[in-house]
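Everything below concerns the one structure shown next.
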2 protein chains.
Amino acid sequence: MSPSIQYFQFHGFAHPSMPTTLRIVEVDKLKTACSTCSLQELCLPAGLSAIELKSVDELIARRRPVKRGDYLFRSGVALHSLYAIRSGFMKSCVLHEDGREQVAGFHMMGDLMGLDAIGTNQHLCDAVALEDSEVCEIPLKDLEGLSRNIPSLQQHFHRIMSREIARDYGVMLLLGSMRAEERLAAFLLNLSQRFAARGYSPTEFHLRMTREEIGSYLGLKLETVSRTLSHFQAQGLIAVQNKHLRILSLDNLKELVSHHSCRS
Amino acid sequence: MSPSIQYFQFHGFAHPSMPTTLRIVEVDKLKTACSTCSLQELCLPAGLSAIELKSVDELIARRRPVKRGDYLFRSGVALHSLYAIRSGFMKSCVLHEDGREQVAGFHMMGDLMGLDAIGTNQHLCDAVALEDSEVCEIPLKDLEGLSRNIPSLQQHFHRIMSREIARDYGVMLLLGSMRAEERLAAFLLNLSQRFAARGYSPTEFHLRMTREEIGSYLGLKLETVSRTLSHFQAQGLIAVQNKHLRILSLDNLKELVSHHSCRS
DNA sequence: CCCTCGTTTTGATCTGCGTCAAAGTCCTGC
DNA sequence: GCAGGACTTTGACGCAGATCAAAACGAGGG
């Protein structure tokens, strides 16, 4: 176990059988039920029996599309549901009182959003779609009720919350003790892992977010992000062109994260 | 709601009736049961009925003392129990592979530790006592079982996990977008809040951790922590002498956190 | 009581990344 | 297809905080 990256936002395991590009289209064609959703392994109903799955199906209040740039929820609003991302890509932002905002995380299909709101019954961050997305709305009360009857659902829900905490520890490590190069390398590796876990290529993908959003997430300025990416490219670690990214050497990136002098 | 500090690691509400200094002694004299524990409001069994409380009492496998410097658990070890701190003060540390470590949090009475381990069934951080402490051992399986029968326990457990996530967001904000002065001010205010919530003075307390540990938590070097504290003292915001700290102006500290230019 | 070692303070210097600026590129809507 | 705005890249420079160094302080053990 190597805490810095391997556990940092690792949400599931890979589906090597999935094709790379047509996935979203396929998913959209499916009917709404969890029981037929290919994200099961990553999402809430992981490891449930067929009967239990049916109950979870009934849990989903509705599916809801979220257009690029739209808010799924806003900070301060009362919590009623958690949201499982069915397709698309989102960010969550914590807000300063002075209006500045910081990206707290990037979320893709199979991820569950809204977990931070359970404690206060109010959302503490904004959720914004970075591309047209679709989410499943899961009323918290119903989820709690059902998980009282289905131990494995309860367990899985706890695991998901716990993994979010673990992910946050990873981010804290990153923000607290890594230099710019290490942070960016860790970020790219994390994206790579998560795409891989969803059946996409681990070495070639689109960055759905701007340099500024990456910077905000990593505690860096956009110029630094851009410069560092250029630097990686010059070293032959990656090939970037605008938002298209190809990782040329996963190993060298990993080395950068772990072996390089961290500044403390 | 002001996300940066007010929600950042705020775990409960104040007990103004509690005397300031003799609290630990009193707690130690009590018998082991939750039902007679003065930490109820902060700890797991918050808001349970007398009958439910009794069930939770039976949940506690045992109380366990942890001497200063000893580990409560170590990274990599299998999870069996969560731990509620009954008295004392602890830190949790995430580990780099290169041996460096980062403090992920400081924990005091009423706090629940080990939540990050549920996802993998392995502890992801070390827990070390910063002073002689005592914890209540709560087997996770039993807690899950009981919370299936007691909805309010289930709810409270979810709230606790969620608040940990919210706290982490606060730390991310701090690490990602605050300057040294703001970080330290936020840190002191957070300690102040938490002591207040436990019936201690919000303006005068002992720092149980070294400057290095503070620095590790805040993503700063110990020299910077020391310098910044001296600076605060020169400004008349606080009075520090070694580990004894007195806050002279909570308001000015708060202002420092929110109004000052954050570096982004 | 003194010695020792861990901790803290303070100073001087260095550097990674932020800031400011300007040019270039891509995307979108008309 | 063109115009305008958003995003990205690259350069020059400055500063907050890291690093190096050394002295002072405090707590615990013999």
Protein heavy-atom contacts under 4.0 Å, written 5' to 3' over nucleotides 21-30 of chain D as B (base), S (sugar-phosphate only) or - (none), form the string -----S----
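Of the charged side-chain nitrogens involved, none lies within less than 4.0 Å of a carboxylate oxygen, so that A:E137 and A:R86 do not count as a salt-bridged pair. B:E131 and B:R208 are joined by a salt bridge, as a carboxylate oxygen and a charged side-chain nitrogen come within less than 4.0 angstrom of each other. The pair B:D111-B:R194 meets the salt-bridge criterion, since a charged nitrogen lies less than 4.0 angstrom from a carboxylate oxygen.
Rounded to whole angstrom, the span from the CG atom of A:L218 across to the P atom of C:dG18 amounts to 11 Å. Between A:L222 atom CG and D:dA6 atom C1' the separation is 12 Å, expressed in whole Å. Whole-Å rounding puts the B:R227 CZ to D:dA16 P distance at 13 Å. Atom pair B:E213:CD and C:dT8:C1' shows a separation of 14 Å (rounding to whole Å applied). We find that CG of A:L207 is positioned 9 Å from P of D:dT8, with the value rounded to whole Å. Between A:H231 atom NE2 and D:dG11 atom P there is a gap of 13 Å when expressed in whole angstrom units. As a whole-Å value, the separation of A:E181 CD from C:dG16 C1' is 11 Å. Between the CD atom of A:E212 and the C1' atom of D:dT8 there is a distance of 11 Å, given to the nearest Å.
Ring orientation note: the planes of A:F89 and A:F195 are close to parallel, at an angle under 30° on the 30°/60° scale.
The local environment of CZ in A:R64 is crowded, with over 12 non-hydrogen atoms from other residues, nucleotides or ligands closer than 6.0 Å.
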Go through B:E204 and B:H244 one step at a time and tell me if the side chain to side chain donor-acceptor pair (under 3.5 Å) criterion holds. CA-CA 8 Å; B:E204 190 163 6; B:H244 184 79; 3.0 Å; yes
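Here B:S226 lies in heavy-atom contact (under 4.0 Å) with a base.
Listed nucleotides D:dC7, C:dG18, D:dT9 differ in distance to A:T210; the shortest reach to its side chain belongs to D:dC7. Taking only side-chain atoms of A:K243, from C-beta outward, the nucleotide of D:dC7, C:dT7, C:dT10 with the closest atom is D:dC7.
For the pair B:R198 and B:Y200, the cation-pi test (distance below 6.0 Å, angle within 45°) is failed.
Close to C:dG18, at under 4.0 Å from its OP1 or OP2, lies a side-chain N or O of A:T224. For B:R179 and D:dA16, the shortest distance from a side-chain N or O to OP1 or OP2 is not below 4.0 Å. Checking the phosphate oxygens (OP1, OP2) of C:dT8, a side-chain nitrogen or oxygen of B:R211 falls inside 4.0 Å.
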